[in-house]
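Below is one structure, written out as structure tokens; comments come after it.
Since this is a predicted model, take the numbers as computed values, not measurements.
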Amino acid sequence: MIKKTKIIYLLGILLYIGGIVSIYYYPKNAHNTYMSENALMPGTARVTFDYSDGSKVHHFSNGFQNHLARYNKLHQSLHGKKVNIDPYERSKSCSQWLIEQLKDIGIEAYIHRYSIPSTMTTTTTNNTFNNNNNQIKRQGYNVYSVLRAPKSDGRESIVLSTSFNSSEEPSIATTTPSSSSSTESSIGVALTIMQYLHKKGNIWLAKDLILVISDTFLEQSSSDNNIGLKNWLHDYHDSTMISKDINNNNNENNNNNDNDFISNNYFPRAGAIQAAINIEVSNKKYQSDHVYVLAEGSNGQLPNLDLINTVGRLAKREGYSKSMLLSPSSMNKNDELLFIPVEHRTLARFMLNQAIGIPTGDHGLFNKYHIDAITLGVSGVSSTMGARVLIGTIRSLNNLLEKLHQSFYYYLLPSPFHYISIGEYMISIGLIISPLAFGVIYLLISLSNIFTSPTIFTPKSTKTTTETTTTTTITTTLKKKKNLFEELGTFECLDTPKDIVYSITIVALFQLIGISLFSLPQTFTNATSIILNYLSNFEIIGLFGIFGLSYFILFLIVLPILDKMFYPKNEPIKTFKESKSADDDNNNNNNNNNNNNNNNNNNNNNNNNYSQIITNSNRNHLKSSSNSFFVFSNLPILIFITTMSLLNFSFCTFASILSIPLCFISQITNNINNNNLDDNNNINNNLNNININNIIRKLILTIKKLIVYSLLLLFSPPVILYLFSHYILNDQNVFIFLLTIIKQYDQYSTLLFPFLSLIYIPLNLSILKSIK
């Protein structure tokens, strides 16, 4: 069986390496993208938006910055510089300015109010403006505008979203309106497009167009990605919110500014959202003369490929095909991956963003409501270019007769105009997990022989004939068939039902520990936050102290009790080598007896073998010959990767590349220990024949053990958490990192936290348990 297992493992290693290497050839074998939804018809109509319209972007951007400058200057004149500006009142003032601009354009507009959790306001609100009116201070504001399509029944709509940060403009507070910055912003692009579509889009607009503008001043102190847009989407799809006649509501109390605000139980709506595009203009994040399409959403979810193809076709029509990128860092000169070809670097960034699971833009918030969305990012200099592409995309989405469904939802993009489909990249992850799959299936089949009758493998007795030669021939033939059957079918399994129950018990204990680590932070959120923030002050001592104490209690107190329950001390314990030699001696004796009486001793021989297997079950279960423990300890990771690979292929690929070798560390270590034990026995039996070859061989085995134990220590949870947080995340505190991934799971359903708690930590405990 050992030779068979080595062959299977060797084949699995070759497939594992082949799966990793196959990823490198993805860009070379990628297919050209194509339009599956014919109704989109990108580029069939000419976009008349030109640079004269683009000058209005500059006008609206400067107007917004001037308003902020005037507000800051007025506050300082009234309260002095010592009193901090209330960020909530400033956000409200900005929202009212946007409402005025939209109404001047001729579009209905409202301010959507939402409550902010107190845990977030306490980190941003200064004591100088905290008063008894906490309800007003704990409210955020979104600007919500609807451009009604004259040729529509109001059942379908398209969303444009953008945001601004009223608190992260240090130059505004000290800048006079006349000398304010002329840099284009997202606000300027959004207002310009709405003005353009209000004047020239009525001819072809068949779907309502929704504009949502949110203030992200809370993001710097919270883990939420645009809490304003998140609350707007929640209220828009909330069935308890009543949609009244907007026109009648507008005609009442026009002089009252409160009429602009949406009340608690009233939310004016447009039609069902078919698609969404988030606009982001940033000179720091994006390079000029480039259009960026960000597609990765929550937990790596992707929009329909036709949406990206539409933007790509329009960019190519406008002459920007070589300027379209999928990641802000694709052309960064400081990128550490510049030595890699462009398509491979783009694919690596795409898979990394998908594996992390955090949306690359505000478009990721729409995934929860099954809305296809992307973020279109440009620099301020390229705002006109981005506006032309955006208007063309809106016009294509306007032609849709139903929601996007024709094209792919599972794909990888090595470039904006090439894709790899799910039928191709799933082969790679299948090859990567093949060593574990082969090993588990092979040993699982071997365990099935334990529950069969001991006489099931006994050949049927032959009738005695009068001719001695005929009897000898039949006996020899049956013996050959028996050996072949045992070689291919019995798998020489030494585990018994008692061993299987013990393995299930230990693995279940480890999984319960993982389930507790997964569920407790979500059940006691505030307590977990307080504990992790406190432990962040004692990073190294807290991290290694907690894991060290947990290992001490588990391996020196809890597990020895279970070992004594299943394998008492008064029972004889045999190693794999001892049981194997006993089987060989017993088989030799039985073969000698079979020459005298074949028919009578066949059943006895099988019964003796079965009883010998039962006796061998009393061995210490920490030996490498335990098939059941290897199977049940590795089943969780195999199930996790196979089921979650459809949800987030990139994460499961990276997780399998890391974890699959760890699954075999115990097997490698135990094989080294067995070889070392054989060498020691040979040396003890032949003390007079010690030579330099034995010493060298023993030294090599010792070096192998040090390498394996070093790898086991390197990939232990505390060490890998410390290395990842400090060397990958630029010296982030380990406990702050743990708190972050817990919050990311709550918000975006990322896989890192469940994989760490439910899979990786129990796997590490199983490896430590199985090593001698």
Side-chain angles (χ1 to χ4, degrees), residues 54 57-58 60-61 64-65 94 98 142-143 145 158-169 181 183-194 209-220 224-230 232-233 275-298 302-303 307-308 310-312 314-315 320 323-332 349-350 353 358-367 371-394 416:
V57 176
H58 178 81
F60 283 116
S61 299
F64 180 72
Q65 292 180 359
C94 294
L98 291 171
N142 296 319
V143 175
S145 177
I158 303 171
V159 170
L160 294 181
S161 66
T162 189
S163 61
F164 65 94
N165 195 325
S166 60
S167 62
E168 290 188 353
E169 295 291 343
S181 175
T183 302
E184 288 80 356
S185 64
S186 302
I187 296 296
V189 173
L191 293 178
T192 302
I193 290 177
M194 294 298 288
L209 189 63
I210 302 173
L211 175 64
V212 182
I213 304 176
S214 56
D215 190 354
T216 59
F217 71 95
L218 285 173
E219 286 187 22
Q220 57 185 352
D224 276 328
N225 188 24
N226 200 337
I227 186 176
L229 181 59
K230 181 186 296 184
W232 182 87
L233 283 169
I277 302 174
N278 181 60
I279 309 168
E280 188 173 2
V281 180
S282 174
N283 291 326
K284 296 180 180 179
K285 187 176 181 180
Y286 305 113
Q287 295 182 358
S288 59
D289 299 328
H290 287 86
V291 176
Y292 295 83
V293 178
L294 310 182
E296 300 88 352
S298 301
L302 300 172
L307 183 57
I308 300 177
T310 300
V311 178
L314 291 168
Y320 308 135
S323 303
M324 182 176 172
L325 301 175
L326 298 174
S327 175
S329 59
S330 298
M331 301 299 292
N332 190 356
R349 290 292 181 188
F350 188 88
N353 291 334
I358 302 175
T360 52
D362 291 342
H363 67 278
L365 301 174
F366 291 88
N367 297 137
I371 299 171
D372 297 304
I374 58 171
T375 290
L376 190 66
V378 293
S379 65
V381 179
S382 307
S383 58
T384 302
M385 176 200 309
R388 290 177 62 86
V389 175
L390 179 58
I391 292 173
T393 305
I394 294 173

For [X] versus [Y], what's the shortest heavy-atom pair and its separation?
X: P303; Y: A295; answer: CD-O, 3.3 Å
X: N353; Y: S327; answer: ND2-OG, 4.3 Å
X: G364; Y: P359; answer: CA-CB, 3.7 Å

Let me confirm one number: the [atom1]-[atom2] distance from [X] to [Y], rounded to the nearest 0.5 Å.
X: M385; Y: D289; atom1: CE; atom2: CG; answer: 5.0 Å
X: I374; Y: L307; atom1: CD1; atom2: CG; answer: 4.5 Å
X: L294; Y: N278; atom1: CG; atom2: CG; answer: 9.0 Å
X: I213; Y: L229; atom1: CD1; atom2: CG; answer: 11.5 Å
X: N283; Y: S383; atom1: CG; atom2: OG; answer: 9.0 Å
X: I277; Y: T375; atom1: CD1; atom2: OG1; answer: 10.0 Å

Spell out, as yes or no, whether a donor-acceptor pair under 3.5 Å connects the side chain of [X] to the backbone of [Y].
X: T162; Y: I279; answer: yes
X: S145; Y: L211; answer: no
X: H58; Y: G188; answer: no
X: S161; Y: V212; answer: no
X: N367; Y: S298; answer: yes

- Message: Between R349 and L326, is the side chain to side chain contact (heavy atoms under 4.5 Å, CB included) condition met? List the steps.
- Response: CA-CA 9 Å; R349 290 292 181 188; L326 298 174; over 6 Å; no
- Item | Given V378, T384, V281, the one that forms side-chain contact (heavy atoms from CB on, under 4.5 Å) with V189 |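 The passing option is V281.
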With sequence neighbours excluded, residues passing side chain to side chain donor-acceptor pair (under 3.5 Å) with [X]:
X: S214; answer: N226
X: N142; answer: H112
X: S379; answer: S382

- Query: Yes or no on side chain to side chain contact (heavy atoms under 4.5 Å, CB included) for D215 and C94, after CA distance, side-chain angles and deciding distance?
  - Reply: CA-CA 9 Å; D215 190 354; C94 294; 5.5 Å; no
- Please state whether the rings of F164 and F64 are parallel, tilted or perpendicular, taking 30° and 60° as the class boundaries.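 Answer is perpendicular, since the angle exceeds 60°.
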- Message: With side chain to side chain contact (heavy atoms under 4.5 Å, CB included) as the criterion, how do I210 and I158 come out once you've worked through the C-alpha distance, each side chain's angles and the decisive distance to 0.1 Å?
- Response: CA-CA 6 Å; I210 302 173; I158 303 171; over 6 Å; no
- Query: If we only count heavy atoms from C-beta on, is the L160 to L390 side-chain gap below 4.5 Å?
  - Reply: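 Yes - at least one pair of side-chain heavy atoms lies under 4.5 Å apart.
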- For residues E280 and Y292, is any side-chain donor paired with an opposing acceptor at under 3.5 Å?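 No donor-acceptor contact under 3.5 Å links the two side chains.
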- Walk me through it: do Q65 and I187 pass the test side chain to side chain contact (heavy atoms under 4.5 Å, CB included)? CA-CA 10 Å; Q65 292 180 359; I187 296 296; over 6 Å; no
